[in-house]
Amino acid sequence: MRIKAVKTKASLDLAAITHNAYEYAKLAYEQEEKREDSLINQATQMTTYFSFVSVLILMIIPIIIFEGTLIPPKYTATVSVITLALLFASMILAVIAQWRFKYQSLSAPLKMFEHIIDNKDYFKTQEQRNKSFVQSLNTTWTSKNKNNDKRAKLIRASMIIFLIGVGFFIVGTFFAVISFLI
């Protein structure tokens, strides 16, 4: 007995399938927008950390350098300058990460409208409209994704340099205590 393949409306419903792709495209774009906001917020937090730690170091220096101290002022100055230079480099990277990079945005609404009217034969079916939307969104998503990847690398480098700077200061302080005070 031979079973005949029955084509159901569900298997041929291209409009539903393209609508699904349309929804995924919107979701991907919204996630990339949220990622951009999150990365910019993280970069802003890095500049705040830089400010806080820099002020802390600059407040500690006068306490350490006083008349009759056993820790040489040159040593303190050297450790502080190197630490502040690393923190400053971290801050610069964080500020660059906050930059609003150019990206490929969607066309102006009126321009899109005119394009649709000029090519109305192409936009007759829902499938074609969904495909057009996905294609339009893809260009913008790709551009934003590339910029967000740059931001993520800058923030990662900023964090690494920040942690190296703080670590250098802590190690320098312990070394000073062990070498000069004990």
Side-chain angles (χ1 to χ4, degrees), residues 23-112 133-182:
E23 291 296 323
Y24 279 126
K26 278 184 13 182
L27 179 64
Y29 181 79
E30 289 167 2
Q31 286 178 336
E32 203 60 37
E33 285 272 306
K34 288 178 184 175
R35 180 178 176 221
E36 178 182 41
D37 291 340
S38 174
L39 289 168
I40 290 172
N41 286 336
Q42 189 174 8
T44 302
Q45 289 173 349
M46 286 301 300
T47 58
T48 303
Y49 299 151
F50 161 79
S51 300
F52 176 74
V53 173
S54 296
V55 167
L56 182 68
I57 290 170
L58 291 171
M59 287 175 57
I60 292 173
I61 293 171
I63 296 170
I64 296 173
I65 300 176
F66 61 90
E67 205 57 42
T69 184
L70 298 175
I71 301 174
K74 271 189 176 180
Y75 176 83
T76 303
T78 303
V79 169
S80 300
V81 167
I82 291 171
T83 300
L84 290 172
L86 288 167
L87 294 177
F88 187 69
S90 170
M91 183 201 65
I92 289 172
L93 291 174
V95 168
I96 293 171
Q98 294 175 44
W99 188 264
R100 302 293 177 162
F101 298 110
K102 268 186 151 181
Y103 68 94
Q104 180 66 46
S105 61
L106 292 171
S107 298
L110 186 57
K111 187 174 179 182
M112 278 192 250
F133 179 81
V134 170
Q135 288 172 331
S136 297
L137 212 52
N138 185 62
T139 304
T140 303
W141 180 90
T142 301
S143 180
K144 282 188 164 285
N145 180 264
K146 183 180 170 185
N147 287 342
N148 287 339
D149 288 346
K150 285 181 201 174
R151 279 189 179 91
K153 287 176 186 174
L154 287 165
I155 291 169
R156 192 174 306 115
S158 176
M159 292 173 117
I160 289 169
I161 292 171
F162 179 83
L163 293 173
I164 289 170
V166 170
F168 180 79
F169 187 75
I170 291 170
V171 169
T173 302
F174 280 126
F175 179 76
V177 168
I178 292 170
S179 297
F180 301 114
L181 299 178
I182 296 180

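Just so we're clear, the structure is a prediction, and the values are computed from it rather than from any experiment.
Between the CE atom of Met112 and the CZ atom of Phe133 there is a distance of 8.5 Å, given to the nearest 0.5 Å. Taken to the nearest 0.5 Å, the OG atom of Ser80 stands 9.5 Å off from the OH atom of Tyr75. The OH atom of Tyr29 sits 12.5 Å away from atom CG of Asn145, with the distance rounded to the nearest 0.5 Å. One finds the CD1 atom of Ile40 at 3.5 Å from the CZ atom of Arg100 (value rounded to the nearest 0.5 Å). A distance of 9.5 Å separates CG of Asn41 from CD1 of Ile155, quoted to the nearest 0.5 Å.
Ring planes of Phe180 and Phe175: perpendicular class, angle over 60° (limits at 30 and 60°).
Under the rule for a side-chain contact (heavy atoms from CB on, under 4.5 Å), the partners of Ile92 that lie at least two apart in sequence or sit in another chain are Phe88, Ile96. Residues satisfying the side-chain contact (heavy atoms from CB on, under 4.5 Å) test with Thr83, not counting sequence neighbours, are Ile57, Val79, Leu87, Phe168, Phe169.
Nearest heavy-atom pair across Ser90 and Ile161 is N-CG2, 3.9 Å. Between Thr47 and Ala94 the shortest heavy-atom distance is CG2-CB, 3.8 Å. Heavy atoms only, all atoms of each residue included: Leu93 and Ala157 are closest at CD1-CB, 3.8 Å. Leu137 and Ala25 get closest at one heavy-atom pair: CD2-O, 3.3 Å.
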Inset, instruction - Check step by step if side chain to side chain contact (heavy atoms under 4.5 Å, CB included) holds for Leu27 and Glu23. - result: CA-CA 6 Å; Leu27 179 64; Glu23 291 296 323; over 6 Å; no
Inset, instruction - Check the pair Leu39 / Leu154 against side chain to side chain contact (heavy atoms under 4.5 Å, CB included), numbers first and verdict last. - result: CA-CA 10 Å; Leu39 289 168; Leu154 287 165; over 6 Å; no
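A heavy-atom distance below 4.5 Å is not found between the side chains of Lys146 and Phe101. Between Met59 and Val55, the closest side-chain pair of non-hydrogen atoms falls below 4.5 Å. Within the 4.5 Å cutoff, side-chain heavy atoms of Met46 are placed close to those of Tyr49.
The residue from Asn148, Thr142, Asn147 that alone fulfils the side-chain contact (heavy atoms from CB on, under 4.5 Å) condition with Tyr103 is Asn147.
Counting heavy-atom neighbours within 6.0 Å of Tyr24 OH, excluding the residue itself, gives a total of 12 or less.
When atom types are taken as modelled, the side chain of Thr48 and the backbone of Thr44 share a donor-acceptor pair closer than 3.5 angstrom.
Annotation: salt bridge (charged side-chain N to carboxylate O under 4.0 Å, His left out) contacts involving residues 34-46, sequence neighbours excluded, comprise Glu32-Arg35, Arg35-Asp149, Glu36-Lys144, Glu36-Arg151.
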